[in-house]
Enquirer: 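To start, I am sharing the structure in question, which I have written as structure tokens.
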Amino acid sequence: MGDRGGAMEEDEEQHQLRAAHTRWTRGHKGSRLAPTGASSASAEQGLTPDLLFSRLEGLEDQELPARPKPTKVTVVGVGNVGMACAQTILTQNLVDEIALVDVQAEKLRGEMLDLQHAAAFLPRVKIVADTDYSVTAHSDICIITAGARQREGEDRMSLVERNFALFKNIIPELVKYSPHTMLLVITNPVDILSWVSWKLSGLPPNRVIGSGTNLDTSRFRTLLGNHFNVSVHNVHATIVGEHGDSSVPLWSGVTVGGVPLAAFAKEHGIATDPEVFTKAHKYVVDGAYEVIKLKGYTSWAIGYSAAALVSSVLRNQRRVHPVSVLAQGFHGIDMEVFLSLPSMLGRSGVIAVANSVLLEHEAAMLRKSAQAIWSIQSKLQF
Ligand SMILES: NC(=O)C1=CN([C@@H]2O[C@H](COP(=O)(O)OP(=O)(O)OC[C@H]3O[C@@H](n4cnc5c(N)ncnc54)[C@H](O)[C@@H]3O)[C@@H](O)[C@H]2O)C=CC1
Ligand SMILES: CC(=O)C(=O)O
């Protein structure tokens with residue numbers, strides 16, 4: 001199909017996205033905060049999509065940007081994580097162009113050439129790199145991995161001041177060259193830096209996400225899959241909240257092969273020791289610390305996590321991922337924080353956030369996680 005056909009396809013996609021947008025927003029007019037869906041449920045209405053998911057604040061005025069072609073992703077920071085992201089995106093054939101940016105000019109050129117030399121084994125992708133941000137122009141998604149990482153024993157929050165200082169330069173440059181881009185923040189502490197990126201970019205909240213607990217959730221599902229000796233794809237389990245020490249495992253929603261774990265145990269009178277759950281969660285939280293202790297950094301799992309998010313967005317998959325989004329108004333969180341909630345991702349970014357039903361203690365843990373983020377975030381000076 002020629003250019004004209006491509007343009008027509010785009011128009012149709014735009015039309016469908018706008019129509020979907022109208023459907024999701026129905027019933028939320030007039031409220032400052034979107035998450036009102038579940039409480040306004042009525043018996044006659046039934047379980048409609050707009051009850052299960054709510055839009056983020058401020059989305060009603062949004063126009064979808066025209067889809068630039070070719071599809072392009074920028075990766076800022078060509079360290080362990082940046083290169084894991086770039087190579088995973090490359091091998092999964094998700095984009096037409098990848099731009100790399102770093103402050104270390106020689107390392108940057110070396111990484112670019114090394115990837116280019118693999119062209120014979122990969123889909124045809126243009127790979128460019130520069131220390132100047134003009135190379136990032138017209139990116140659909142900008143992934144930010146630049147900055148300091150934890151040393152052994154250090155927690156993610158300890159990086160905040162150092163990486164905040166870098167973001168003040170990085171984010172304005174990215175939106176200058178790609179005003180309609182979507183930002184995918186990976187640098188730690190990812191939740192705070194997602195909020196920082198949203199503030200610095202001026203983008204609508206559905207165009208800024210942090211990789212959040214998409215990774216923690218994979219670690220959690222892997223643990224459960226191994227325990228039950230079943231494919232991780234048949235384990236549905238989610239971790240929400242801060243990517244890190246105060247994350248919240250939603251045990252009440254875990255299903256294995258479609259069997260709800262908590263309900264099954266109750267029905268069969270199987271005692272569930274809270275210590276076991278605490279230990280399992282600790283194992284997930286400690287997972288990153290263990291890898292850092294063993295190899296100095298984590299990279300492969302976050303690379304695959306990022307590629308999954310890029311795929312959901314660029315291929316308009318409407319898949320639900322726990323990613324860091326503006327969480328104010330959800331589950332009684334009244335602070336302006338980003339933390340992970342199950343969010344539907346598609347071409348326009350965050351399409352909606354699931355109105356998850358949490359047990360009271362889970363919601364309380366989530367609010368505590370928000371508080372942990374806020375206590376550090378509120379000290380940052382722009
Ligand atoms: N959110 C998550 O799940 C995960 C987050 N991370 C975080 O990702 C970040 C990167 O980790 P690594 O790649 O292992 O570190 P690294 O040290 O290997 O790479 C960092 C890169 O950033 C570059 N950089 C520094 N300042 C820059 C600037 N102003 N502009 C452009 N580039 C700049 C450095 O030159 C370096 O190449 C860390 O903050 C780490 O904690 C790591 C793993 C998982
Ligand atoms: C380093 C980090 O945030 C992780 O691997 O979870």
Side-chain angles (χ1 to χ4, degrees), residues 74-88 99-112 129-133 135-136 142-174 183-194 196-197 200 209-220 222 239 241-247 283-309 321-324 338-340 373:
T74 282
V75 179
V76 185
V78 297
N80 309 302
V81 175
M83 291 316 292
C85 292
Q87 88 92 25
T88 315
L100 305 173
V101 178
D102 202 290
V103 284
Q104 299 185 58
E106 289 192 358
K107 181 178 182 211
L108 180 62
R109 184 166 163 72
E111 292 292 9
M112 177 191 73
D130 208 309
T131 52
D132 188 299
Y133 279 79
V135 78
T136 69
C142 295
I143 306 175
I144 305 110
T145 75
R149 65 181 142 88
Q150 300 151 262
R151 307 271 162 232
E152 189 186 332
E154 218 180 355
D155 71 7
R156 295 171 180 85
M157 288 298 192
S158 65
L159 305 170
V160 71
E161 289 292 351
R162 277 172 282 170
N163 289 340
F164 174 49
L166 303 182
F167 271 51
K168 284 184 194 165
N169 296 321
I170 293 171
I171 302 299
E173 286 290 305
L174 289 173
L183 301 177
L184 167 52
V185 179
I186 294 184
T187 305
N188 275 317
V190 65
D191 300 293
I192 294 181
L193 292 176
S194 300
V196 162
S197 301
L200 291 170
I209 59 170
S211 58
T213 57
N214 201 42
L215 173 55
D216 314 51
T217 294
S218 175
R219 289 179 177 137
F220 189 35
T222 304
I239 290 193
E242 181 204 355
H243 167 60
D245 302 354
S246 73
S247 65
Y283 178 85
V284 170
V285 169
D286 288 348
Y289 292 106
E290 187 184 3
V291 177
I292 290 169
K293 187 173 170 197
L294 293 168
K295 68 174 236 188
Y297 55 88
T298 64
S299 59
W300 300 123
I302 184 61
Y304 280 100
S305 168
L309 300 175
H321 297 269
V323 285
S324 198
F338 272 59
L339 52 69
S340 286
I373 294 168

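In listed order, ligands and their atoms are each counted from 1. Here the structure is a predicted model, which is why all the values come from computation and not from measurement.
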Enquirer: Considering both backbone and side-chain atoms of Arg149, is one of its nitrogen or oxygen atoms within less than 3.5 Å of a nitrogen or oxygen in ligand 1?
Expert: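 Yes: some nitrogen or oxygen of Arg149 is under 3.5 Å from one in ligand 1.
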Enquirer: Quick one: does any side-chain atom of Thr217 pair with a main-chain N or O of Asn214 as donor and acceptor, under 3.5 Å?
Expert: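 Pair absent, no side-chain N/O of Thr217 close to backbone of Asn214.
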Enquirer: Measure the distance from atom 27 (C) of ligand 1 to every protein heavy atom, then report the residue, atom name and distance (to 0.1 Å) of the closest one.
Expert: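 Residue, atom and distance for the closest contact: Val103 CG2, 3.7 Å.
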Enquirer: Tell me: protein heavy atom nearest atom 7 (C) of ligand 1, and distance?
Expert: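 Result for atom 7 (C) of ligand 1: Asn188 ND2, 3.6 Å.
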Enquirer: For atom 42 (C) of ligand 1, what is the nearest protein heavy atom, given as residue, atom name and distance?
Expert: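 Here the closest protein heavy atom is Val81 CG2, 3.4 Å.
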Enquirer: Counting distance only, does the side-chain N/O of Asn163 pair as donor-acceptor with the main-chain N or O of Pro189 below 3.5 Å?
Expert: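 No, because the side chain of Asn163 does not come within donor-acceptor range (under 3.5 Å) of the backbone of Pro189.
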Enquirer: Could you tell me whether ligand 2 has any atom less than 4.0 Å away from a heavy atom of Gln150?
Expert: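 The answer is yes, since Gln150 has a heavy atom less than 4.0 Å from ligand 2.
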Enquirer: Going by the atom numbers of ligand 1, which of them fall below 4.0 Å from some non-hydrogen atom of Leu166?
Expert: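 So the answer, numbered in order with elements, is 26 (N), 29 (N).
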Enquirer: Any N/O of Gln104 closer than 3.5 Å to an N/O of ligand 1?
Expert: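 Such a contact does occur with ligand 1.
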Enquirer: Consider every N or O of Ser211 and every N or O of ligand 1, then say whether any pair is closer than 3.5 Å.
Expert: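 In this structure, Ser211 places an N or O atom under 3.5 Å from an N or O of ligand 1.
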Enquirer: Using heavy atoms and a threshold below 4.0 Å, how should the contact between Ala146 and ligand 1 be classified: side chain, backbone, both, or neither?
Expert: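 For Ala146, backbone and side-chain atoms both sit under 4.0 Å from ligand 1.
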Enquirer: Nearest protein heavy-atom contact for atom 38 (C) of ligand 1: which residue, which atom, what distance?
Expert: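 Nearest protein contact, heavy atoms only, for atom 38 (C) of ligand 1 is Ala148 O, 3.1 Å.
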Enquirer: Measure the distances from the heavy atoms of Asn188 to every atom of ligand 2 and state whether one is below 4.0 angstrom.
Expert: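 The answer is yes: ligand 2 sits under 4.0 Å from a heavy atom of Asn188.
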Enquirer: Verify the distance criterion only: is there a donor paired with an acceptor across the side chains of His243 and Asp191 at less than 3.5 Å?
Expert: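 No, no side-chain donor-acceptor pair sits under 3.5 Å.
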Enquirer: So which heavy atom in the protein is nearest atom 3 (O) of ligand 1, and how far is it from that ligand atom?
Expert: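 Answer, as residue, atom name and distance: His243 NE2, 3.1 Å.
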Enquirer: Could you identify the single nearest non-hydrogen protein atom to atom 43 (C) of ligand 1 and state the distance to 0.1 Å?
Expert: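 Answer for atom 43 (C) of ligand 1: Thr298 OG1, 3.0 Å.
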Enquirer: What's the shortest distance from atom 34 (C) of ligand 1 to any protein heavy atom, and which residue and atom give it?
Expert: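 Result: Asp102 OD1, 3.5 Å.
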Enquirer: Nearest protein heavy-atom contact for atom 25 (C) of ligand 1: which residue, which atom, what distance?
Expert: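 Sorting protein heavy atoms by distance from atom 25 (C) of ligand 1 puts Gly147 N, 3.8 Å first.
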Enquirer: Go through the steps for Phe164 and Ile192 under the test side chain to side chain contact (heavy atoms under 4.5 Å, CB included), then give the verdict.
Expert: CA-CA 9 Å; Phe164 174 49; Ile192 294 181; over 6 Å; no
Enquirer: Answer yes or no for Met83: is there a heavy-atom contact with ligand 1 below 4.0 Å?
Expert: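 Per 4.0 Å heavy-atom rule, Met83 does not contact ligand 1.
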Enquirer: Just which atoms of ligand 1 are under 4.0 Å from any heavy atom in Thr145?
Expert: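 Every atom of ligand 1 under 4.0 Å from some heavy atom of Thr145: 9 (C), 10 (C).
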